[in-house]
Amino acid sequence: MTEELSKGYEPAEIEKRWYRYWQDQGVFRAACKEGDPRPTYVLPMPLPNVTGSLHMGHAMMCTIEDVLARAHRMMGFDTLYQPGTDHAGIATQVVVERQLKRDGVTRQELGREEFVRRVWSWKEACGSRIVEQQKVLGLSCDWDRSVFTMDAGYSRAVREAFVRLYHEGLIYRAKRLIYWDCAARTVLSNLEVNSEEENGELFEFAYPVEGGGEIVVATTRPETMLGDTAVAVHPDDERYTALHGKFVVHPFLERRIPIVTDAVLVDPKFGTGAVKVTPAHDFNDFETGRRHQLEMIEILDEEGRINDAGGSFRGLDRFEARKAVKRALEEKGLARGHKQHRLMIPRSERTGTVVEPMLSTQWFVKTEPLAKPALEAVREGRTVIIPEEWTKTYEHWMTNILDWCVSRQLWWGHRIPAFYCDACGHTMVRNVEALGECEACASVKVRQDEDVLDTWFSSALWPFATQGWPDKTPELLRYYPASDLETGYDILFFWVARMMMMGIHFMGEPPFKRILLHSLVVDETGKKMSKVVGNVIDPIDLIAGASFETVVEKALPGAPADEALKKFKKAYPSTASMGKGFDAYGTDALRFTLCSYSPQSKRIALSPKKIEGYRHFCNKIWNATRFALGYLEGARVTDAAPVVSSLENRWILSRLGVACGAAREGLAAFRFDDATSALYRFFWNELCDWYLELCKPIFASTNANSDANSDANSDANSDANSAKARRDETRDTLGYVLETTLRALHPFVPFITEELWQRLPRPAGVPSSIALAALPDAESGRADAEAEREMAILQAVIVAARTIRSEREVHPGAQVPLVLRGEANGSLRVCEAGRVAIETLVKTSSLVLEARGGERPRGAALGHAAELEVLVLLRGIVEAGKERDRIERELKKAQKSIEALEKKLASAGFTERAPPEVVQETHAELASHRARVTLLAEARVLAEEL
RNA sequence: AGGCGGGUAGCUCAGUGGUAGAGCGCUGGCCUUACAAGCCGGUGGUCGCAGGUUCAAGCCCUGUCCCGCCUACCA
């Protein structure tokens with residue numbers, strides 16, 4: 001720890017050390033101590049799937065959350081960042097089944113018990129990967145409280161919730177048309193189904209009409225005609241009036257099918273204007289069937305094969321059946337052509353297979369009574385959604401919510417606690433793992449429902465089931481409701497809305513005070529990340545560094561490397577200038593980058609170049625500290641800002657307060673972009689660019705004066721004393737400012753700040769980790785308007801002089817004579833006080849301060865800073881012609897501004913109706929432009945003698 | 001089709017009615033004892049388009065054209 005800092009910032013080396021330290025020190029632990037006077041801050045982590053590995057979305061989410069958690073911890077809250085993982089029913093089952101398939105076994109062959117055992121062992125072996133990655137990101141969760149949704153305690157809570165809802169009449173079992181995943185052989189909720197436009201075919205065929213003639217229908221799913229129980233036409237469609245009330249004959253199944261009229265289903269302008277109706281396999285047809293009391297014929301089994309109802313097509317897979325039906329229709333001369341057709345294909349989010357609408361008996365949650373209070377909680381502001389615009393989306397969904405199908409035909413998950421008696425048919429819903437005998441007839445022929453619950457049902461209980469509910473544990477009392485819930489807007493419905501419903505229902509109050517939503521992380525061109533497009537980035541590659549070969553292999557698995565790389569670079573144009581791959585940017589740089597994006601926009605276009613930029617920022621922090629450490633020996637660093645007298649010290653403390661205040665405001669308003677940019681600008685553009693540069697001559701003066709000390713000269717001694725006093729004050733200020741700034745930065749960049757903070761002089765009695773130190777605020781600085789004003793004058797003078805030097809191509813190392821002319825009691829006094837600063841930062845060979853009015857030195861370039869004239873003597877260095885052109889250009893600019901302002905002031909409307917201070921400001925602005933014109937005219941004269 | 005966003009510098013994005021900001025890029029000059037992952041300068045905008053309100057519009061209103069996302073869809 002005491003060894004010197006390396007010249008460059010190397011994140012890998014420092015990051016690995018501190019995470020262990022934090023865990024060993026128990027920094028992340030929530031106290032949950034009786035009598036703890038601290039307020040609580042509770043942040044339930046959106047539980048990642050146990051199957052998952054960390055993607056950019058997680059990185060975004062985790063970063064934002066960890067910033068919130070760390071900031072609140074530093075603000076003195078008893079902070080619980082609640083971690084855990086989700087058993088992810090279908091996703092996990094699919095993964096394990098795939099693995100079994102490689103070994104040539106099916107889960108049916110293994111049996112349920114053995115299969116579930118295998119899933120558990122898979123979970124033990126592989127399920128912690130994402131947790132390890134979260135630790136790489138620096139998450140400050142209380143890992144000791146981590147919960148897995150299949151834990152015994154959590155499972156009990158899930159059963160309890162089901163049982164209570166059932167007895168309250170909010171859960172029911174019914175036969176409904178649902179989405180069926182034929183690959184996973186389970187029902188899906190409509191949120192687990194994604195529809196995308198794909199190429200398809202609109203196939204037309206004729207139904208022979210009883211008594212002669214035919215009616216042509218069109219379909220994208222010809223095989224469903226095996227379940228047709230009607231043909232519908234529009235009642236007003238004159239083409240078909242003659243057929244009303246007649247029947248068609250099914251060509252394969254010897255079934256009479258009625259022709260019905262239906263104005264809802266049929267759009268006469270589409271296709272042939274006649275629609276085949278398959279009530280058991282289509283949502284619109286289902287409703288049509290209800291309207292006309294049509295027979296509902298199911299034609300598919302649970303694997304998507306044609307069942308007995310399909311006659312000779314029985315046993316065919318649905319896609320084979322499609323071909324077979326078309327062929328058979330052609331053979332019978334009933335095919336009437338086909339055309340290309342774009343249509344929305346619904347696919348299972350997990351297995352990717354085309355889902356089929358099927359009739360099925362399932363368990364449903366009655367959502368309306370639950371949604372209403374959840375809606376009201378937001379309307380009444382008991383829960384606030386940020387950014388606020390999402391409130392509308394939430395309302396829209398909550399008011400149009402459908403009953404929620406919660407049963408799944410899976411083996412991995414919480415088994416539905418419903419028991420059926422085969423003897424008397426009695427149904428019992430109890431919070432038990434097994435039930436021995438029937439409560440009605442005492443028969444032992446009792447079997448449990450085979451199905452498990454939707455994963456979202458269990459995760460809907462997250463805010464309270466993690467805290468021991470239904471028991472009234474100390475944790476539950478202290479940590480419910482949570483403070484914030486932070487997540488991607490894409491799961492507002494899936495999860496957030498459901499937690500709201502369940503939280504209010506079971507706990508009587510909403511589960512969180514605020515809902516914070518961040519945007520989707522997309523590629524640099526704005527496209528969604530996907531393995532199809534080949535633009536996925538593994539956050540770990542950005543942290544640890546990776547060659548493009550490695551990166552591209554993950555982005556587009558299985559594709560030729562050069563093709564994949566081309567696609568990848570197209571998705572991330574800023575990587576064009578990056579040679580072999582990503583450097584190791586480090587966790588801190590990635591975190592800072594993610595925080596720098598505004599939460600207002602709906603997409604976050606990830607730019608690797610931007611991450612590189614923030615790594616440079618980390619390097620800047622590193623080196624500034626390295627510089628400072630060379631002078632901080634013996635610094636007295638205090639809790640509060642020191643009282644200081646010199647301008648630069650007063651100024652930096654004032655700016656420090658502004659920056660820390662802005663950072664706090666940004667954190668509070670969920671505007672991390674504002675917070676990070678305030679700290680970035682302060683650190684780089686104020687602390688490094690100005691303050692440290694101003695410190696240099698002060699620290700350098702030490703040596704000069706210690707030489708002077710050896711003289712017996714008393715003046716030199718007193719000079720030396722005052723120089724020492726100033727040096728000490730500056731040393732203490734620098735120490736304080738740096739220590740404070742690191743604390744302000746810590747929530748965003750935890751690793752580098754801990755590393756550097758541990759090396760800095762700190763106030764007495766600080767905690768063992770920066771993570772437990774106090775988060776600075778506006779009061780951590782010392783507001784000083786006068787210092788800011790004076791410093792602004794010095795900065796303006798220095799910049800003006802530098803600009804002249806640079807524009808006239810004076811060599812940066814060359815010393816130039818500088819003359820500043822102004823008001824003796826005004827800015828000149830400030831310049832006199834800041835003489836050393838000006839001399840050093842401008843590099844002057846001589847600095848003359850004089851009152852305005854006298855003769856100006858000939859051959860000088862004339863600039864201005866506030867009301868000061870800045871004269872840089874350049875005789876013999878610069879060509880007169882170039883200088884003249886430059887002055888003309890500036891004159892034109894100034895004239896243009898003057899015209900605009902004069903026009904504005906000439907308008908009576910403006911002078912009479914605009915607020916007086918605005919008019920005044922405009923006058924002042926005009927005056928300053930006019931003064932500038934005068935100055936430029938004079939500069940032209942001076943330039944003639946260059 | 002409906003709903004919600006967005007269009008500002010070459011790129012990615014901030015912007016609170018009072019003459020437009022950042023980072024990156026571009027560009028000129030510097031290896032200046034913390035940092036070339038750097039320093040000192042500079043260039044760059046008809047704020048999608050057309051109206052309107054206002055003394056004043058990137059910001060408010062209306063229309064319009066593009067681009068996203070979500071929801072529901074035509075069998």
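Protein chains get the first letters and strands the later ones, always in sequence-line order, with residue 1 at the start of each. Every heavy atom of this structure was used, including side-chain atoms; hydrogens, water molecules and symmetry mates were not.
The gap from the C1' atom of rG42(B) to that of rU64(B) amounts to 40 Å, rounded to the nearest Å. If you take atom P in rC26(B) and the same atom in rC66(B), they sit 35 Å apart, rounded to whole Å. Rounded to whole Å, the C1' atom of rU12(B) lies 14 Å from the corresponding atom of rG7(B). Going from the P atom of rC31(B) to that of rC24(B) covers 22 Å, rounded to whole Å. Taking atom C1' in both rC60(B) and rA1(B), the straight-line distance is 29 Å, to the nearest Å. Straight-line distance between the C1' atoms of rG52(B) and rU16(B): roughly 23 Å, to the nearest whole Å. The P atoms of rA20(B) and rC4(B) are separated by 32 Å, rounded to the nearest whole Å.
Remark: Glu388(A) CD is loosely packed, at most 12 non-hydrogen atoms of other residues, nucleotides or ligands lying under 6.0 Å away. Counting non-hydrogen atoms of neighbouring residues, nucleotides and ligands closer than 6.0 angstrom, the NE2 atom of His292(A) exceeds 12 such neighbours.
Distances shown here put a side-chain N or O of Ser598(A) below 4.0 Å from the OP1 or OP2 atom of rA14(B). Look at Arg671(A) and you'll find a side-chain N or O under 4.0 angstrom from OP1 or OP2 of rG15(B). Under 4.0 angstrom from either OP1 or OP2 of rA75(B) there lies no side-chain N or O belonging to Lys269(A). One finds a side-chain N or O of Lys7(A) lying less than 4.0 angstrom from the OP1 or OP2 phosphate oxygen of rA36(B). Contact annotation: His811(A) does not reach the phosphate of rG29(B) (side-chain N/O to OP1 or OP2, under 4.0 Å). At rA34(B), none of the side-chain N or O atoms of Arg626(A) fall inside 4.0 Å of OP1 or OP2 (strictly under the cut-off). At least one side-chain nitrogen or oxygen of Arg802(A) sits closer than 4.0 Å to the OP1 or OP2 atom of rG41(B). Taking 4.0 angstrom as the limit, Lys620(A) places a side-chain polar atom (N or O) nearer than this to OP1 or OP2 of rC39(B).
Under the Watson-Crick or G-U wobble criterion, with both distances below 3.5 Å, rC35(B) is left unpaired in every strand shown. Base pairing of rU71(B) is made with rA1(B), judged by Watson-Crick or G-U wobble geometry with both donor-acceptor distances under 3.5 Å.
Looking at heavy atoms from C-beta onward, Lys528(A) lies out of side-chain contact with Val533(A) at the 4.5 angstrom threshold.
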Check your understanding: Does the ring-ring contact (aromatic ring centres under 6.0 Å, His included) test come out yes or no for Tyr394(A) and Tyr489(A), once each step is laid out?
Key -> CA-CA 10 Å; Tyr394(A) 176 86; Tyr489(A) 68 77; over 10 Å; no

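Residue Glu693(A) has its side chain nearest to rA34(B) when only rG38(B), rU32(B), rA34(B) are considered. Considering only side-chain atoms of Trp684(A), the nucleotide from rU12(B), rG25(B), rC39(B) that sits closest is rC39(B). Closest to the side chain of Lys392(A), out of rC4(B), rA14(B), rG38(B), is rC4(B). Taking the side chain of Glu809(A) as heavy atoms from C-beta on, and the options rG28(B), rA37(B), rG41(B), the nearest nucleotide is rG28(B).
Whole-Å rounding puts the Asn619(A) CG to rA37(B) P distance at 9 Å. Note: CD (Glu612(A)) to C1' (rU12(B)) measures 15 Å, nearest angstrom. For Asp490(A) and rC70(B), the CG to P distance is 9 Å, given to the nearest whole Å. Remark: C1' of rG21(B) and CZ of Arg681(A) are 9 Å apart, rounded to the nearest angstrom. The distance between atom CZ of Arg603(A) and atom P of rC4(B), rounded to the nearest whole Å, is 19 Å. Going from atom CZ of Phe617(A) over to atom P of rC35(B) covers 18 Å, rounded to whole Å. A straight line from NZ of Lys904(A) to P of rG18(B) spans 10 Å, rounded to a whole angstrom. Computed from coordinates, the Arg805(A) CZ to rG28(B) P distance equals 20 Å when rounded to whole Å.
Taking the ring centre of Tyr680(A) as origin, the terminal cationic atom of Lys620(A) falls outside the region bounded by 6.0 Å and 45° from the ring axis.
Shown here for Tyr9(A) and Tyr585(A), the closest heavy-atom pair between the two residues is OH-O, 4.1 Å.
Residue Val799(A) is in sugar-phosphate contact alone, with no base atom involved, counting any heavy-atom pair closer than 4.0 Å across all strands shown.
For rG28(B), the base has a donor-acceptor partner in the side chain of Ser806(A) [N/O atoms by modelled type, under 3.5 angstrom].
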